[in-house]
Amino acid sequence: MTDASPAASDAASVPLIVGADHGPRPGESRVDADLVEGLNPPQREAVTYRGKALLIVAGAGSGKTRVLTHRIASLLRTREAWPSQILAITFTNKAAGEMRERVEQLIGDRARGMWISTFHSACVRILRREAEQFGFTRAFTIYDSGDSRALIKRLVKEHEADAFGLTPAAVQSKISKLKNELADAESYARQANMSDPAERVFVEVFGDYQRALQRANAFDFDDLIAQTVYLFRAFPTVADVYRRRFRHILVDEYQDTNHAQYALIHELTRPPGADAEPVDGGGGMMIWDAEPAEGDAASLTVVGDSDQSIYAFRGADIRNISEFERDFPGAKVVLLEQNYRSTQNILSAANAVIGNNFDRKEKKLWTDVGAGEQIVGFTGYSQHDEAQFVADEIERLHRDGLDYSQIAVFYRTNSQSRALEEIFIRAALPYKIMGGTKFYERAEIKDALAYLIAVANPADEMAVRRILNKPRRGIGEVTATAIARYAADEQITFRDALANASALGVGPKIQAAITQLDAVIAEASDLMLPRSGEIAPPTVVAEGLQLLLNRSGYSDALRASRDPQDEARLENLDELVAVAREFARNNPEGTVIDFLTEVALVADADDLDDASGSVSLMTLHTAKGLEYDAVFLTGVEEDLIPHRISAGEPGGPQEERRLFYVGITRARKRLYLSLAMTRAQFGEVTVAMPSRFLQEIPAELLHWRQSPGDVNSRGGTRSRALNSRGGSSRGGGGGRYGDDLAPLGRREPKAGLEKFTNRIPSKVRDNGDMVLAPGDRIRHDDFGEGRIDTLTGEGAKRVAHVRFDAVGPKKLLVKIAPIEKIG
DNA sequence: CCCAAGTGCCCACTT
DNA sequence: GGCACTTGGG
């Protein structure tokens with residue numbers, strides 16, 4: 001950062017925004033006793049410290065949310081700050097909601113007016129206010145990754161960029177990375193190697209992309225942050241408005257901030273007036289000019305834990321937190337190490353695992369609640385087996401009195417949820433998939449939203465193009481191009497060109513269709529866009545949406561369809577209308593723009609509290625910040641965690657370890673680590689190996705119900721089975737299995753099947769080199785008799801396609817299916 | 001311009 | 001094993 005050398009920055013100083021009639025009284029920094037009661041000394045310090053910069057290094061479960069909320073509450077209660085002077089940034093909307101709630105619990109209505117939101121939401125608020133300053137309108141659209149991908153795809157095609165090896169995905173990710181670094185097409189071009197044709201084309205696409213966004217009056221996700229930074233840098237007086245307003249800035253999950261977010265925080269914590277033209281006018285006339293507040297930077301509190309940094313893939317820069325003290329000389333650092341969440345066994349496992357990351361500040365979580373249960377390990381034969389174990393164990397926990405809502409199942413990749421779901425449905429276990437809500441990504445929902453955007457932001461050509469032929473109106477690519485050309489010739493927007501269908505030189509039928517579409521959008525606009533001065537009734541968004549869907553024929557087309565899926569699509573649209581109604585209830589003055597903002601930014605909105613009574617399923621990333629009595633960490637396999645793709649990336653395996661660490665530390669009382677020996681991927685069965693992270697857990701902490709060695713073993717390897725407590729010998733590799741990771745394919749039939757007394761023993765087997773041919777009859781333990789149709793794959797992956805007499809066709813992995821040849 | 005059938009590619013994580 | 005995109009015939 002640049003010089004943060006506020007003249008006044010000693011600890012007790014109080015922000016000095018004193019309005020004429022209201023404002024906090026300076027000089028009070030008493031913190032009410034109840035706000036520090038029950039806090040340990042470092043927590044207390046983190047709540048009461050008053051200085052310009054505070055870093056709270058908060059280990060997992062160390063009560064950081066409590067500290068943050070109490071800190072905010074104390075600032076408000078002592079009147080050191082008004083709510084409107086507080087900006088608290090959280091990582092998710094959900095976390096923001098919870099924080100607001102908890103502050104309100106502490107101090108009631110006084111909390112109203114705080115900005116507690118994500119980076120993205122905060123930036124949208126700022127950008128909507130200031131959009132006119134730099135060529136946008138406050139009705140701008142927010143493009144999600146799908147939207148920008150569609151746009152980039154078109155541009156890549158136009159530039160024939162794929163000829164240079166530039167795929168849309170690669171271009172998108174490169175642009176995103178650059179924006180997170182605050183680079184734009186021009187600045188990138190200046191330092192790019194422009195003799196490389198691929199670079200030249202990329203720069204062109206990047207530039208076109210940005211111009212297209214501008215023309216569409218739209219920002220992509222990354223722009224929301226970056227453009228706010230540009231705005232502040234280009235318009236110091238605008239920046240000063242927010243610098244004067246936000247006197248206390250608090251940032252949660254600071255380890256996951258990227259450079260743009262870091263820069264934004266720095267812009268906001270610069271002393272106001274430092275780089276502004278002195279606003280003239282004789283002095284004293286400015287709203288915010290009550291004080292010699294010039295030169296007084298806002299106070300900054302950041303909370304984070306570098307061991308939980310898991311978003312490097314989207315530009316998170318761990319240095320933001322590790323170099324905080326250098327960025328903010330004189331910063332206070334408070335370390336929270338006492339854990340109030342988990343048992344010592346869980347913490348010891350977590351400490352042991354994360355200790356393998358080099359280049360980290362030593363930090364050891366501890367608790368005084370005692371050792372607790374051992375961690376339970378289980379190796380399933382397949383992912384279904386593994387899921388069955390999870391389901392059975394959950395049922396047992398539930399029978400023992402644990403509520404479903406206190407149980408969570410984590411996995412590395414979203415695709416792993418399928419097997420779990422299948423088993424859970426069969427077991428009638430109530431579950432809910434958190435995050436990963438694809439609701440707003442469904443085609444019909446995106447279509448409906450595009451209709452709304454066509455009304456709210458007619459400049460957004462992408463949205464209008466999207467609905468042009470939905471439902472089918474006979475308007476294809478040719479017609480769309482004609483419209484675009486006409487719009488360009490006449491210097492009007494694509495949307496306005498629809499009003500002049502007769503001038504397009506298209507057939508009468510298509511003309512009529514265009515005119516009809518234009519009329520529907522116009523009618524909805526009349527309804528939904530409040531005339532100046534008027535405030536539309538809150539129901540107007542839901543009504544307008546309904547109108548658009550009905551009058552456009554969209555709903556009718558789905559109703560008339562014979563595709564059974566279209567019924568579900570209709571239901572989804574009904575749900576969207578219901579969301580709009582709910583939105584109106586919560587935001588009586590909410591406009592269609594506000595509604596679109598919410599659905600664009602709140603992807604996981606649905607999981608606020610309706611997970612009650614259900615087991616929660618989610619990715620490890622989604623799990624961050626949450627906690628459960630019992631946690632199942634599934635798919636603990638090489639290539640999954642650490643993920644295959646991470647292996648080649650610098651810092652990849654370390655980040656994967658942190659992810660694993662995050663998963664472990666979510667558990668309060670019980671932790672289960674499970675894996676499968678085989679896993680179906682891309683419709684093909686592959687052999688899995690135990691994750692290297694498993695051997696980083698001290699053997700005495702982990703009790704294997706069924707170890708990889710148990711499933712895998714045959715004579716001679718058992719003693720080296722992974723941390724095997726069941727194994728008779730622990731000699732040799734000391735429980736390590738580093739050289740014992742050969743896929744089970746090469747195993748021979750083994751002795752000692754009787755040892756698998758715990759679960760599904762009949763399925764744990766190895767058929768060795770059973771030779772099968774099409775036409776052979778076999779008997780399966782569960783499916784009965786059947787006949788082999790075909791065989792595919794080789795070796796351990798050899799698959800038999802079998803038609804069973806009783807249950808029909810099935811695919812079986814020959815190597816290990818519980819089958820025998822008959823006849 | 002629309003549809004059905006075929007093929008290629010893919011599945012990291014998210015605001 | 002599933003989706004997105006292409007292709008060829010109405």
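Chain naming here is simple, since letters A, B, ... match the order of the sequence lines and numbering starts at 1 in each.
Annotation: salt bridge (Lys or Arg N to Asp or Glu O under 4.0 Å) contacts of A/Arg666 (sequence neighbours excluded): none. Looking at residues two or more places apart in sequence or on another chain, you find a side chain to side chain contact (heavy atoms under 4.5 Å, CB included) between A/Lys64 and A/Ala58, A/Asp252, A/Glu253, A/Val303. The side chain to side chain contact (heavy atoms under 4.5 Å, CB included) search around A/Ala131 returns A/Phe136, A/Phe140, not counting sequence neighbours. Applying the side chain to side chain contact (heavy atoms under 4.5 Å, CB included) test to A/Arg418 and every residue at least two apart in sequence or in another chain returns A/Glu422. Every residue two or more places apart in sequence or in another chain that forms a side chain to side chain contact (heavy atoms under 4.5 Å, CB included) with A/Glu444 is listed here: A/Arg442, A/Tyr554, A/Arg569, A/Asn572, A/Leu573. Annotation: salt bridge (Lys or Arg N to Asp or Glu O under 4.0 Å) contacts of A/Arg472 (sequence neighbours excluded): none. Every residue meeting the salt bridge (Lys or Arg N to Asp or Glu O under 4.0 Å) condition with A/Asp256, not counting sequence neighbours, appears here in chain and number order: A/Lys624.
No side-chain donor-acceptor contact under 3.5 Å links A/Ser309 and A/Ser306.
DNA chain B lies under 4.0 Å from at least one heavy atom of each of the following residues of residues 653-665 of chain A: A/Glu656.
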Between protein and nucleic acid, restricted to nucleotides 8-10 of chain C and to nitrogen or oxygen atoms under 3.5 Å apart, what atom pairs and distances do you find?
none

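For A/His643, taking side-chain heavy atoms from C-beta onward, the closest of the listed nucleotides B/dC13, B/dC11, B/dA12 is B/dA12.
In secondary-structure terms, DNA chain B builds stems of at least 3 consecutive Watson-Crick or G-U pairs, each pair having both distances under 3.5 Å, at B:1-10 with C:1-10.
For the ring pair (Phe, Tyr, Trp, His ring centres under 6.0 Å) condition, no pair includes a residue of residues 142-176 of chain A, sequence neighbours left out.
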Can you give one letter per nucleotide of nucleotides 1-10 of chain B, going 5' to 3': B for a protein heavy atom under 4.0 Å from the base, S for sugar-phosphate only, - for none?
SSS------B
